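Written below as structure tokens is the structure these notes are about.
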Amino acid sequence: MNHRLFCLALALAICPAVSAPAADTTLPVRMGCGLMTFDTVPGWGLASDGKSAIGPCHGSVVVDKEGNIYTSAHAGVFVFNPEGKVVRSFLGDKYSDIHDMKIREEEGGEFIYGARNANAEGFKFNAQSGEIVLKLPFPEASGLGLKKFNPTAITVAPNGDIFLSDGYASNHIFKFDKTGKYLMHFGTKGNGLKEFNTAHGMTLDTRYSPPRLLICDRNHEPKGRLVHYSLDGEFIEEVVTGLGMPTSAVVQGDFVSVPDLKGRLVILDKNNTIMSVLGFNPDPAKGGNYNIPQDQWIEGIFSGTHGSSWDKEGNLYVQDWNVAGRIMKLLRVK
């Protein structure tokens, strides 16, 4: 073995999370630690020509009860099977640029709720047929008369009430009933304890009874944070601070997956302590950078981590905010 290969082998042996050379994307990379250890699945989500199947993306990931993976991109919504092949898609203006998604089983099937910042709306559609069954434009009944409305996140309460965060504009969070009737709003822009500086992501935190809203306050100064609010819009607590730029959150059991736009994903335990960090990008020029072409992707290293979701086996699916469209599968190590 020559000296260069020996040094590389030694580095990989000492630190198994170190990625293989950029030119070799065929080998899985192990990341994380303890209960939250994962292997990448090289090539997952690529088309037969080796290029991204989804194109430019700034979106989300959800998983249905059959294990199919939905991810949103500029072109629309792509649905993958667990092996990484596209099985159907919902494309065109009606489905483009969904910034955040949630999936929910209801009477009549599974439905996807989406927040579309560029299109100034929330909406709901059937996950199988694509039929749009509900639209949530700016609620004039609020009396706010906003000139900008750019929703970034959406989630649904157990009773069907819908929460839509205007994270790229007013930072109000609007609450509707299941029919789309405006009920109330809360929150305002700022860096105070009970203010949001880009209420970017939001989910229902089912680790608590009753469940709470877990909100990603991405640009809060001095560091990004997660906060809890009640379903009546009352501030409960600051959950964790110092997270960089948290973009979204997804709960499975006692664990929460939180992508950080700077190029990593953190997993919190029931006590909201960081228990694992995945895909950390040490290059400040590439972490949080949309313009990383596919030929510069590095296996096991993220760039603009934006959306994630768990499947029933505890595997993770992660989308980067990326010009070429990057969607990855992380296989949970048992």
Side-chain angles (χ1 to χ4, degrees), residues 11-12 15-25 27-33 36-42 44-45 52 54-61 71-74 99-100 117 152-153 167-168 197-201 216-226 240-250 256-268 274-309 316-330:
L12 289 170
C15 184
V18 172
S19 66
D24 181 6
T25 57
L27 298 177
V29 172
R30 183 157 291 189
M31 60 176 69
C33 60
M36 291 296 158
T37 301
F38 299 83
D39 288 334
T40 65
V41 181
W44 196 94
S52 169
I54 66 175
C57 60
H58 182 198
S60 183
V61 188
T71 195
S72 54
H74 173 65
H99 189 267
D100 183 42
N117 66 86
T152 57
Y168 281 164
N197 188 352
T198 314
H200 190 278
C216 301
D217 192 4
R218 191 188 71 178
N219 289 17
H220 201 272
E221 296 293 342
K223 293 289 182 67
R225 63 177 188 159
L226 302 183
V240 61
T241 62
L243 284 184
M245 298 179 74
T247 55
S248 57
V250 181
V256 184
S257 166
V258 184
D260 174 354
L261 194 66
K262 289 297 185 181
R264 65 173 186 164
L265 183 145
V266 301
I267 299 175
L268 309 178
I274 294 176
M275 61 180 301
S276 194
V277 178
L278 312 179
F280 173 70
N281 197 321
D283 186 345
K286 292 186 176 180
N289 189 337
Y290 173 74
N291 294 305
I292 306 297
Q294 187 175 338
D295 62 6
Q296 292 183 24
W297 295 353
I298 300 174
E299 189 73 16
I301 300 292
F302 304 153
S303 54
T305 329
H306 196 270
S308 72
S309 191
L316 274 170
Y317 299 86
V318 181
Q319 189 200 96
D320 265 349
W321 171 58
N322 186 261
V323 66
R326 194 178 188 193
I327 173 78
M328 297 161 280
K329 180 174 183 175
L330 307 181

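Everything numeric here is computed off the predicted structure, so don't read it as measured data.
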Backbone of [Y] reached by a side-chain donor or acceptor of [X] within 3.5 Å:
X: T40; Y: P42; answer: no
X: E221; Y: N197; answer: no
X: S52; Y: A324; answer: yes
X: D100; Y: S60; answer: no
X: Q319; Y: G59; answer: yes
X: N281; Y: I301; answer: no

Original post:
Among pairs that include at least one residue of residues 241-250, which meet side chain to side chain donor-acceptor pair (under 3.5 Å), considering only residues two or more places apart or in two chains?
Top reply: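 Output for this query is empty, none listed.
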Measuring from atom [atom1] of [X] to atom [atom2] of [Y], what distance do you get when rounded to the nearest 0.5 angstrom?
X: T71; Y: I54; atom1: OG1; atom2: CD1; result: 5.0 Å
X: L316; Y: M328; atom1: CG; atom2: CE; result: 10.5 Å
X: N322; Y: F302; atom1: CG; atom2: CZ; result: 12.5 Å
X: M36; Y: M275; atom1: CE; atom2: CE; result: 5.0 Å

Original post:
What do the steps show when you test D217 against L226 for side chain to side chain contact (heavy atoms under 4.5 Å, CB included), and what is the final call?
Top reply: CA-CA 6 Å; D217 192 4; L226 302 183; over 6 Å; no
Can you list the residues that meet the side-chain hydrogen bond (donor to acceptor under 3.5 Å, both in side chains) rule with [X], with sequence neighbours excluded?
X: K329; answer: Y317
X: D39; answer: R30
X: T152; answer: none
X: S257; answer: S308

Subject >> For R264, salt bridge (Lys or Arg N to Asp or Glu O under 4.0 Å) partners two or more places apart >> reply: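 D260.
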**OP:** Please name all residues satisfying salt bridge (Lys or Arg N to Asp or Glu O under 4.0 Å) with R218, sequence neighbours left out, ordered by chain then number.
**Re:**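 None.
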Answer whether the closest heavy-atom distance between the side chains of [X] and [Y] falls below 4.5 Å.
X: D320; Y: W297; value: no
X: I267; Y: F38; value: yes
X: S72; Y: C57; value: no
X: S303; Y: N289; value: no

[X]: side-chain contact (heavy atoms from CB on, under 4.5 Å) partners, not counting sequence neighbours:
X: A249; result: T203, L214, C216, V256, V258
X: A199; result: S165, N171, F196, I215
X: P222; result: none

**OP:** For H200, enumerate each residue passing the ring-ring contact (aromatic ring centres under 6.0 Å, His included) test, keeping only those at least two apart in sequence or located in another chain.
**Re:**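 H200 satisfies ring-ring contact (aromatic ring centres under 6.0 Å, His included) with H99, Y168, H306 once adjacent residues are dropped.
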Subject >> Residues M245, N219; criterion side chain to side chain contact (heavy atoms under 4.5 Å, CB included); working and verdict >> reply: CA-CA 6 Å; M245 298 179 74; N219 289 17; 3.5 Å; yes
Subject >> Closest non-hydrogen atom pair, G279 against M31 >> reply: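 Distance-wise, the nearest heavy atoms are N-SD, 3.6 Å.
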